[in-house]
There are 4 protein chains.
Amino acid sequence: MDKAEKYDKPDKCAEKREAIIQAALELVAEQGFHGAPMAMIAEKAGVGAGTIYRYFENKDDLIRWIYKNVEERFVEVMMQGYPEHGPVRERLVHIGTALVRHLINEPLQLRFVEQFHNSPYGVDHRREKIFGQQKKDIISELFDEAVAQQIFKPLELAILFSLFFGPLVDICRDHILGFIKLDDALIEQVVGACWDALRR
Amino acid sequence: MDKAEKYDKPDKCAEKREAIIQAALELVAEQGFHGAPMAMIAEKAGVGAGTIYRYFENKDDLIRWIYKNVEERFVEVMMQGYPEHGPVRERLVHIGTALVRHLINEPLQLRFVEQFHNSPYGVDHRREKIFGQQKKDIISELFDEAVAQQIFKPLELAILFSLFFGPLVDICRDHILGFIKLDDALIEQVVGACWDALRR
Amino acid sequence: MDKAEKYDKPDKCAEKREAIIQAALELVAEQGFHGAPMAMIAEKAGVGAGTIYRYFENKDDLIRWIYKNVEERFVEVMMQGYPEHGPVRERLVHIGTALVRHLINEPLQLRFVEQFHNSPYGVDHRREKIFGQQKKDIISELFDEAVAQQIFKPLELAILFSLFFGPLVDICRDHILGFIKLDDALIEQVVGACWDALRR
Amino acid sequence: MDKAEKYDKPDKCAEKREAIIQAALELVAEQGFHGAPMAMIAEKAGVGAGTIYRYFENKDDLIRWIYKNVEERFVEVMMQGYPEHGPVRERLVHIGTALVRHLINEPLQLRFVEQFHNSPYGVDHRREKIFGQQKKDIISELFDEAVAQQIFKPLELAILFSLFFGPLVDICRDHILGFIKLDDALIEQVVGACWDALRR
DNA sequence: AATGAATGAGTTTTCATTCAT
DNA sequence: AATGAATGAAAACTCATTCAT
């Protein structure tokens, strides 16, 4: 073993971990939890079956960790280029458009999240809604602000979220399944419709 | 065979079948497919393990049969008192209100359907959208008509369905989880918001 | 219930019993013991599952009873037209020819017997050789006589039986499976060959 | 890795596989397929139930693999010391004698093969006659040659095989069951009798 | 006497997890 | 640290037999 390898080691560790995550993500997304046994995840990741347990305590642990990661990526994407000081509509349209674009580019992530939500794993996380904690606040703030300014209907946050995000996730699924064909113009129209649902 | 027998015999059979269905529905709704092994369903239904296979070919068969039944009940509920000749808005509000009322009264059915949709079982049924075939046409016709009359936005049916049904199902889930508290007034407001999303 | 039925009853009983036997024989012959569950036998026989247990104590009992019956029919056939006072060769040829003709006319019986011999059921009966007890003696006597007269090789009865009946049963199986095509001339030739094996 | 490991490691693997095969062979031979559930095979082999599935895809796979192995051993034994250039009779006697000696030394193998032939497993293999493909040709060639030289009766190969191998297998079974007591002299006599059946 | 619905022990097979190497 | 063979508990499903009708 030479120096190069010595320095690689930490990387190899991270790489291995990432490979496991990616393998599990793909398998669960494509085959469901039934179709993703640990041995298969290990094989797809190119590691030994026992190795997974060096990085994750459990299958549960692995799954939950992936979920959290994917969730975070969703928020990151929505915050990228977020027009913090723009008008409410612009900010909302940015969020909706960014989310939809991301979901249809990453069908595995969408499928995984849906598998997760409706499974024993997702029971706990349900209450945390679609989005994480820290950054979600920015989105919550936007909605709160819009309600305060009497731009949005005077409804609870949870309901407003459902009105906005519910249809967007649904149409992404339909797109992935080939049921509809989304393009930029159509995305804009749908986001616009969701805006109409929110607007007073 | 006297009257007593006439009324008893069929009941015993149907009762047992119904007990199995109810047991499976509850277990799947509460614990997911993982948490609903055939032996547990049998025990909860108060029958022998082998008995289930007299009524259903398969676990798949059982699950699919329950799904179909639940689906049909959804449609029935929406069609009950449907103001066939009323204006579009009235008809739509009826459907939305009836659906929400039913779902929050039957949380097990909602949980079951969600489990089903995101599972190997649901892959096939996915394209059939949320609702059945025969009666769905009445709903589809309503939407088609509303588009033709330029009351709704000129979007595909799948998208219009997502805009309308997506949020409604979501808020029912939130209600069941105790996140929000739906009452008649609130249901009306939300259905109204969904109407706004559809309206031109 | 009128007289006619009263007198039929015993017949009906026998008919039912016979139907069960025939159904079981066919199923076992065609599908093996694995492919002949009691419920299927009952259905094929046109009786209730429980009814079989009025006629036979057990599945074992049923199977063993069929075997005995079939065995007896084999002996009967071989004894039909048996030239009791003819020369040894004539008697032997009669037996061999009659057996082969019967087996290829009743492939189900042959298949059944073979299934039986090689199965837990057959372990006990093995020692009884291919044929029953009472009538077998006539055949045994023939062989004994032929040995005493120094027509046959001086070998034990069991070995002489193997030399004679072994190939005959084998060629019948081959015929049934379509491997060879037996006709009267060929049967005679093969029986003749078996005779050669026995002859001093 | 030192020598010890080199020789140990492969052995452990092979040993376990061999133990499974041996356990299954014995159980099937002694109790039939009914009496050889996977759990019992595992226990007898001293391995976990799941372990069998690391070595064999299926129960079918296991059974078929054992059959193939046993079949090959039969052919090997018959070919060992085969007097390729000797006269027809010598070659035939070698084959018959070798087969009988092997079968009475390995009663489990004989019982297994018989179980196999008359079972769902054996249906496919039936047409391949008693012996394999590659090496069988040597035996077939011998028989063909003997027919061509007008040493054997002018009959199909399948019939000649039945005349020769049928009785031999039968007497081995009788010997194993204690019905007769084979020794070298007797084996020679019986093989001679089979030769007589074949000879013109 | 006849039925056939109900049963539950028994079968094959899978898979998360462990542990010797 | 990494491995992957081994495990055994648990799953779906079958079927001989019983028993209320």
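In what follows, chains are A, B, ... by sequence order, proteins preceding strands, each numbered from 1. Hydrogens, waters and symmetry mates play no part in the numbers below; they use all other heavy atoms, side chains included.
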(Q) Defining pairs by Watson-Crick or G-U wobble geometry with both distances under 3.5 Å, how would you list the stems of DNA chain F with at least three pairs each? (A) E:2-21 with F:2-21
(Q) How close do Ala42(B) and Ala49(B) get, counting heavy atoms only, and between which atoms? (A) CB-CA, 3.7 Å
Q: Could you tell me whether the side chains of Glu26(D) and Gln22(D) share a donor-acceptor contact shorter than 3.5 Å?
A: yes
Q: Would you check, one step at a time, whether the test side-chain contact (heavy atoms from CB on, under 4.5 Å) holds for Tyr55(B) with Leu62(B)?
A: CA-CA 8 Å; Tyr55(B) 293 94; Leu62(B) 167 60; over 6 Å; no
Q: Quick one: closest heavy-atom pair of Phe33(C) and Lys59(C), and the distance?
A: O-NZ, 3.9 Å
Q) For Asn58(B) and dC13(F), is the shortest distance between a side-chain N/O and OP1 or OP2 below 4.0 Å? A) yes
Q: Would you name the heavy atoms of Leu110(A) and Arg173(A) that are closest together and state the gap between them?
A: CD2-N, 3.8 Å
Q | Residue closer to the 5' end of DNA chain F, Gly50(B) versus Gly50(A) (nearest nucleotide) | A | Gly50(A)
Q. Near DNA chain E, which residues from residues 19-47 of chain A have a heavy atom under 4.0 Å away?
A. His34(A), Pro37(A), Met38(A)
**Q.** Validation row, ring centre Phe112(B) to ring centre His117(B) under 6.0 Å
**A.** no
(Q) Is there a side-chain contact between Lys16(D) and the phosphate of dA6(F), meaning an N or O under 4.0 Å from OP1 or OP2? (A) yes
Q: Calculate the interatomic distance between Ile52(B) atom CD1 and dC13(F) atom P; express it in whole Å.
A: 10 Å
Q: May I ask you to say whether Glu30(B) pairs ionically with Arg111(B), meaning some side-chain N is under 4.0 Å from a carboxylate O?
A: no
Q. Just how far, in rounded Å, is P of dA12(F) from NZ of Lys59(B)?
A. 4 Å
Q. Between Leu62(A) (CG) and dT17(E) (P), how many Å, whole number?
A. 10 Å
**Q.** Between P of dA12(F) and CZ of Phe56(B), the distance in whole Å
**A.** 15 Å
Q: Output, in order, the C-alpha distance, side-chain angles, deciding distance and verdict of side chain to side chain donor-acceptor pair (under 3.5 Å) for Glu57(C) and Tyr53(C).
A: CA-CA 6 Å; Glu57(C) 212 180 309; Tyr53(C) 291 85; over 6 Å; no
Q. Would you say dA6(F) has OP1 or OP2 under 4.0 Å from some side-chain N or O of Tyr55(D)?
A. yes
**Q.** Which nucleotide in dT18(F), dT3(F), dG8(F) has an atom nearest any side-chain atom of Tyr53(C)
**A.** dT18(F)
(Q) Without decimals, in angstroms, what is the distance between Asp60(A) CG and dC15(E) P? (A) 16 Å
Q) Whole-Å distance between dC13(F) P and Asp61(B) CG? A) 10 Å
Q. Looking only at heavy atoms, which two atoms of Leu108(D) and Leu25(D) are closest? And how far apart?
A. O-CD1, 4.1 Å
Q) Can you tell which of dT7(F), dT7(E), dT3(E) lies closest to the side chain of Arg54(B)? A) dT7(E)
